[in-house]
Trainee: 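Dropping a structure here in structure tokens format, bear with me for questions.
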There are 2 protein chains.
Amino acid sequence: MTVCCDHHPPEETLTRNQRLVLETLRSEDKPLTAYNLLDRLRDDGLRAPPQIYRALDRLVNVGVVHRLDRLNAFISCNHNHCGGQGVLFAVCDACGSVEELKADTVESAILPTTEAIGFHAVQLVGEVRGLCGPCERKKTDG
Amino acid sequence: MTVCCDHHPPEETLTRNQRLVLETLRSEDKPLTAYNLLDRLRDDGLRAPPQIYRALDRLVNVGVVHRLDRLNAFISCNHNHCGGQGVLFAVCDACGSVEELKADTVESAILPTTEAIGFHAVQLVGEVRGLCGPCERKKTDG
DNA sequence: AAGGGTTATGTTACATTATAACAGATTTCA
DNA sequence: TGAAATCTGTTATAATGTAACATAACCCTT
Ligand SMILES: [Zn+2]
Ligand SMILES: [Zn+2]
Ligand SMILES: [Zn+2]
Ligand SMILES: [Zn+2]
């Protein structure tokens with residue numbers, strides 16, 4: 001089997017619970033909270049919050065899932081990027097949709113700033129709030 | 001009295017509770033949670049969470065306080081920048097210190113990316129995790 | 001000054017999000 | 001086999017954040 005890099009272990013190494021959580025997140029384009037996941041997975045034997053949070057911890061560390069701090073929610077990664085790199089989300093205030101963006105330029109823009117104060121950056125997460133295209137149009141039209 | 005711009009109303013327009021919360025945040029260089037504030041302000045008559053959260057809402061909207069999503073905590077702004085502009089924090093994983101950075105370059109790096117997908121950005125918040133200078137040195141020395 | 005709208009306040013109760021702690025099961029590998 | 005490590009299920013509880021409502025203060029207009 002092919003893996004994109006050392007940081008993303010093949011999905012065969014995921015445990016049953018981790019796979020269930022990941023699959024559920026992938027089946028949704030919107031972010032889900034831990035308790036959303038708990039509701040959807042109760043019939044599969046996941047009945048208590050720690051089961052969900054533990055699976056999420058692993059998936060986030062591995063890099064196949066991102067946590068959206070502003071929303072207390074989680075979303076599966078669509079970029080196969082490795083850990084340690086920048087992540088950028090565009091979160092629509094109106095419809096709640098979340099789009100993950102390539103953040104290459106962002107890293108190069110930010111790292112000099114943090115280095116200037118002697119800060120050793122490990123991970124960068126940016127969340128841009130605003131209105132997605134459709135919602136913006138709805139607003140100006142209506 | 002002088003104000004830096006329309007978005008920052010003079011502090012005379014703050015209510016008693018809002019002023020108390022702001023002063024408490026300013027007296028600390030570390031971020032405080034809503035319940036930290038509640039503890040410190042109980043003797044001043046703020047006894048229930050809504051009193052704190054309402055004051056924080058106003059202060060954040062006005063732009064004199066920022067919320068750190070990753071920490072569920074609040075910190076007073078040291079930049080007198082106006083609302084709607086980018087904010088960038090360097091959060092040390094070891095000691096919890098938070099440094100607010102000028103984010104001019106960040107905006108220009110990110111806005112083209114969001115515009116490319118038709119997203120209308122309103123606010124940008126970046127949180128960089130890592131190690132601050134002192135903690136990084138401690139690690140390599142020890 | 002009296003009325004009426006708006007905003008701020010205090011309070012209770014509750015909702016949501018997250019973790020501590022522990023015991024049993026499973027895997028891994030020497 | 002047996003010890004170490006990991007994953008698991010469970011209970012209970014901590015931490016964070018809001019809904020809802022009644023009162024009080026404030027600002028205008030009449
Ligand atoms: Zn990603
Ligand atoms: Zn939208
Ligand atoms: Zn600021
Ligand atoms: Zn530090």
Side-chain angles (χ1 to χ4, degrees), chain A residues 9-25 28 30-62 64-75 91 93 96 98 125 127 129, chain B residues 9-25 28 30-62 64-75 91 93 96 98 125 127 129:
Chain A
E11 293 185 14
E12 282 80 22
T13 75
L14 296 179
T15 68
R16 175 185 135 87
N17 289 359
Q18 289 157 10
R19 225 171 4 246
L20 283 167
V21 168
L22 178 57
E23 238 101 83
T24 307
L25 284 172
E28 296 273 340
K30 289 200 175 185
L32 297 175
T33 70
Y35 283 78
N36 292 156
L37 289 162
L38 190 53
D39 286 343
R40 282 173 171 69
L41 292 171
R42 212 171 292 269
D43 293 342
D44 296 292
L46 286 101
R47 285 182 258 270
Q51 298 175 282
I52 302 291
Y53 282 105
R54 290 197 279 235
L56 286 170
D57 268 1
R58 173 94 196 281
L59 295 171
V60 167
N61 279 324
V62 152
V64 292
V65 164
H66 298 297
R67 183 196 158 86
L68 291 156
D69 289 317
R70 179 172 294 272
L71 305 175
N72 297 323
F74 301 83
I75 194 167
V91 181
D93 285 334
V98 173
V125 177
E127 294 182 25
R129 289 190 314 98
Chain B
E11 292 186 13
E12 283 80 22
T13 73
L14 296 179
T15 67
R16 174 186 136 86
N17 289 0
Q18 289 157 11
R19 230 176 353 251
L20 283 168
V21 169
L22 178 57
E23 238 102 83
T24 307
L25 284 173
E28 296 272 340
K30 288 200 174 186
L32 297 176
T33 69
Y35 283 78
N36 292 156
L37 289 161
L38 191 53
D39 286 342
R40 283 173 171 68
L41 292 171
R42 211 171 293 270
D43 292 342
D44 296 292
L46 287 103
R47 284 183 258 269
Q51 297 175 284
I52 303 290
Y53 282 105
R54 289 198 279 234
L56 285 171
D57 268 2
R58 174 92 196 282
L59 296 170
V60 167
N61 279 325
V62 153
V64 291
V65 165
H66 298 297
R67 184 197 158 87
L68 291 156
D69 289 318
R70 180 172 293 272
L71 307 175
N72 297 324
F74 301 83
I75 194 167
V91 182
D93 284 334
V98 174
V125 178
E127 294 181 26
R129 288 189 315 97

Trainee: Tell me the interatomic distance from B/Asn61, atom CG, to C/dA8, atom P, rounded to whole angstroms.
Mentor: 12 Å
Trainee: Under the rule for side-chain contact (heavy atoms from CB on, under 4.5 Å), what residues qualify as partners of B/Glu23, not counting sequence neighbours?
Mentor: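 Here the qualifying residues are B/Arg19.
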Trainee: Tell me, please, which residues at least two apart from B/Arg70 pass side chain to side chain donor-acceptor pair (under 3.5 Å).
Mentor: A/Asp69
Trainee: Just jot down the side-chain contact (heavy atoms from CB on, under 4.5 Å) partners of B/Val98, sequence neighbours excluded, or say none.
Mentor: B/Pro31, B/Leu68, B/Leu71, B/Ile75, B/Phe89, B/Val91
Trainee: How close or far is atom C1' of C/dT16 from atom CG of A/Leu38, stated in whole angstroms?
Mentor: 12 Å
Trainee: According to a 3.5 Å limit on both distances, what stems of 3 or more consecutive Watson-Crick or G-U pairs are formed with DNA chain D?
Mentor: C:1-23 with D:8-30, C:25-30 with D:1-6
Trainee: Would you mind classifying the nucleic acid contact of A/Arg70 as base, sugar-phosphate or nothing, using non-hydrogen atoms under 4.0 angstrom?
Mentor: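 It contacts nothing in the nucleic acid.
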Trainee: Calculate the interatomic distance between B/Leu59 atom CG and C/dA8 atom P; express it in whole Å.
Mentor: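 My rounded result for the distance is 12 Å.
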Trainee: What's the CG-P distance between A/Asp57 and C/dT17, to the nearest Å?
Mentor: 17 Å
Trainee: Applying side-chain contact (heavy atoms from CB on, under 4.5 Å) between B/Val65 and each of B/Val21, B/Val60, B/Asp57, report the one that passes.
Mentor: B/Val60
Trainee: Rounded to the nearest 0.5 Å, how far apart are CG of A/Leu25 and CZ of A/Arg40?
Mentor: 9.0 Å
Trainee: Of all residues at least two apart in sequence or in a different chain, which pass the salt bridge (Lys or Arg N to Asp or Glu O under 4.0 Å) check with A/Asp93?
Mentor: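 So A/Asp93 forms a salt bridge (Lys or Arg N to Asp or Glu O under 4.0 Å) with A/Arg129.
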Trainee: How long is the gap from CZ on B/Arg58 to CG on B/Leu22, to the nearest 0.5 Å?
Mentor: 11.0 Å
Trainee: With rounding to the nearest 0.5 Å, note down the distance linking CD in B/Gln51 to CG in B/Leu56.
Mentor: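 These two atoms lie 12.0 Å from each other.
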Trainee: Below 4.0 Å from chain B heavy atoms, what is the first contacting nucleotide of DNA chain D and what is the last?
Mentor: D/dT16 to D/dA20
Trainee: Can you give me the N/O atom pairs linking the protein to nucleotides 22-24 of chain C at distances under 3.5 Å, or say none if there are none?
Mentor:
none

Trainee: Hey, can you pull the residues of residues 39-53 of chain B with a non-hydrogen atom under 4.0 angstrom from DNA chain D?
Mentor: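 When residues 39-53 of chain B is checked for heavy atoms under 4.0 Å from DNA chain D, the hits, listed by number, are B/Pro49, B/Pro50, B/Tyr53.
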Trainee: Which parts of residues 15-25 of chain B get close to DNA chain D, meaning a heavy atom less than 4.0 angstrom away?
Mentor: none
Trainee: Using 0.5 Å steps for rounding, measure from the CG atom of B/Leu59 to the CG atom of B/Asn17.
Mentor: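 With rounding to 0.5 Å, CG (B/Leu59) is 10.5 Å from CG (B/Asn17).
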Trainee: Quick one: side chain to side chain donor-acceptor pair (under 3.5 Å) partners of A/Glu127, sequence neighbours excluded?
Mentor: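 If we apply the side chain to side chain donor-acceptor pair (under 3.5 Å) test to A/Glu127, skipping adjacent residues, there are no hits.
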Trainee: Please list, one pair per line, the donor and acceptor atoms closer than 3.5 Å that link side chains of residues 41-49 of chain A to other protein atoms, with sequence neighbours excluded.
Mentor:
from	atom 1	to	atom 2	distance (Å)
A/Arg42	NH2	A/Asp39	OD1	3.4

Trainee: Just verifying a value: how many Å separate B/Thr24 OG1 and B/Phe74 CZ, rounded to the nearest 0.5 Å?
Mentor: 13.5 Å
Trainee: Please report the distance, rounded to the nearest Å, between OH in B/Tyr35 and C1' in C/dA18.
Mentor: 14 Å
